[in-house]
2 protein chains.
Amino acid sequence: MSCKIEEFQQEQKKRMRAVQDSMDVLNGKWKISIISSICCYGKRRFSDILNDVEGVSNRMLSKELKELEINQLVKRTVLDTQPITVQYELTEHGNTLQTIISNLTDWGIVHRKKIVGK
Amino acid sequence: MSCKIEEFQQEQKKRMRAVQDSMDVLNGKWKISIISSICCYGKRRFSDILNDVEGVSNRMLSKELKELEINQLVKRTVLDTQPITVQYELTEHGNTLQTIISNLTDWGIVHRKKIVGK
DNA sequence: CTGAATCCAGATGGATACTG
DNA sequence: CAGTATCCATCTGGATTCAG
């Protein structure tokens, strides 16, 4: 038997687990920026992203791209060029992040004004 | 003089910086869960949050709450009880995160189904 | 060009004990 | 109750070098 409060708390636990799931995927110093870069251009090569995301090293870029690929947010395609280039694009599932990224962008702008002070 | 492409790229850089700003605030293993807990109950005491957020230690909770306070997302109030209790609540600014948290929750549920498989 | 491998300093975070 | 302090293992991430 469960009373209303218990149900409510169960609900809340579920919600927190869900947010946590999202953050597990999105955490990592560069992940959101990487997604943002790819998303913005549609398709993007390794070296391009390396340029877009200020401060990231190839080591980290490689690592985080791999994680994004494992989580099925990003699709990796090797192009048969000389030398080889690799193209990254968002999967359908990755594209569902657009709303979140857009919201984070808007919030970030407001927040900066709030903290840094106009 | 700047051509369209340059303008576009400048815009994109700004967007990425904004997302990065948001993530700087929200990064940290527990931050979102903490906010989610406080947000859900309106006001919440230290020990309550410690219970809500599964796995967090008092050391980490203390640290991340302090960071949230610095970023003006959370307001800390010492209650004159015996023994002393401390109440945390979201600031007006902190409340503007609700949309994002809500989005992250929804996305997290979908994502789990996608990855873990139903 | 796109990474992987190695090395290494510094940050992160858990466990535990302690204070007002 | 609400933290703080300390110790310590692990993780993170930069720099550099190397390979296909």
Side-chain angles (χ1 to χ4, degrees), chain A residues 16-17 19-20 23-38 41-71 73-90, chain B residues 16-17 19-21 23-38 41-71 73-91:
Chain A
M16 294 213 293
R17 221 173 302 139
V19 192
Q20 217 32 73
M23 292 313 286
D24 286 347
V25 176
L26 267 25
N27 257 323
K29 204 169 171 181
W30 314 101
K31 233 154 266 172
I32 293 278
S33 296
I34 293 170
I35 294 174
S36 183
S37 163
I38 300 175
Y41 291 99
K43 298 170 180 181
R44 207 71 177 143
R45 287 182 315 153
F46 188 86
S47 51
D48 291 331
I49 305 174
L50 200 56
N51 262 297
D52 292 342
V53 182
E54 215 141 344
V56 73
S57 66
N58 62 348
R59 184 182 180 283
M60 279 298 110
L61 180 55
S62 171
K63 191 189 147 208
E64 304 225 316
L65 274 170
K66 203 180 290 174
E67 290 170 12
L68 290 174
E69 206 189 338
I70 290 173
N71 280 308
L73 299 179
V74 158
K75 186 185 161 204
R76 179 179 181 274
T77 314
V78 180
L79 299 182
D80 193 17
T81 51
Q82 194 49 248
I84 283 171
T85 54
V86 180
Q87 192 170 76
Y88 293 91
E89 56 195 309
L90 293 191
Chain B
M16 295 215 291
R17 222 173 300 141
V19 193
Q20 215 37 69
D21 285 342
M23 293 313 287
D24 286 348
V25 176
L26 267 24
N27 257 323
K29 205 170 173 182
W30 315 101
K31 232 153 264 171
I32 294 277
S33 296
I34 293 170
I35 294 174
S36 184
S37 163
I38 299 175
Y41 293 98
K43 296 170 180 182
R44 207 72 177 142
R45 287 182 314 153
F46 188 86
S47 51
D48 291 330
I49 305 174
L50 199 57
N51 262 296
D52 292 341
V53 182
E54 214 142 343
V56 73
S57 66
N58 59 351
R59 184 181 177 282
M60 277 300 108
L61 181 54
S62 172
K63 192 190 146 207
E64 305 224 316
L65 274 171
K66 205 178 288 174
E67 289 170 13
L68 290 173
E69 207 190 337
I70 290 173
N71 279 308
L73 299 179
V74 159
K75 186 186 162 202
R76 180 180 180 273
T77 314
V78 179
L79 300 183
D80 193 15
T81 52
Q82 193 49 250
I84 282 171
T85 54
V86 180
Q87 192 171 76
Y88 292 91
E89 56 195 307
L90 294 191
T91 62

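Residue numbers begin at 1 in each chain, while the letters A, B, ... track the order of the sequences.
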Rounding to an integer number of Å, can you tell me how far B:Leu61 CG sits from C:dT12 C1'?
16 Å
Separation of C:dT2 atom P from A:Asp80 atom CG, nearest Å, is 14 Å
What are the two closest heavy atoms between A:Lys31 and A:Leu26, and how far apart are they?
CB-O, 3.6 Å
Considering only NZ, NE, NH1 and NH2 on the basic side and carboxylate oxygens on the acidic side, decide whether B:Glu69 and B:Lys75 come within less than 4.0 Å.
no
Measure from CG on A:Leu68 to P on C:dG3 and round the result to the nearest Å.
13 Å
To the nearest 0.5 angstrom, please state how far the CG atom of B:Leu61 sits from the CZ atom of B:Phe46.
4.0 Å
Please step through salt bridge (charged side-chain N to carboxylate O under 4.0 Å, His left out) for the pair B:Arg44 and B:Glu89, ending with a clear verdict.
CA-CA 7 Å; B:Arg44 207 72 177 142; B:Glu89 56 195 307; over 6 Å; no
Quick one: A:Asn27 CG to C:dA11 P, roughly how many Å, whole number?
19 Å
Non-hydrogen atoms of A:Glu64 and A:Ile34 that approach each other most closely
CB-CD1, 3.8 Å
I need the CD1-P distance between A:Ile49 and C:dT2, as an integer number of Å.
9 Å
Return yes if a side-chain donor-acceptor contact under 3.5 Å exists between B:Thr77 and B:Gln87, otherwise no.
no
Whole-Å distance, A:Arg45 CZ to C:dT2 C1', equals 11 Å
Using a 4.0 Å heavy-atom cut-off, write out nucleotides 3-20 of chain D from 5' to 3' as B (base contacted by protein), S (sugar-phosphate only) or - (no contact).
BB-B------BBB-----
Could you tell me the separation between the CG atom of B:Asp24 and the C1' atom of C:dA11, rounded to a whole number of Å?
15 Å
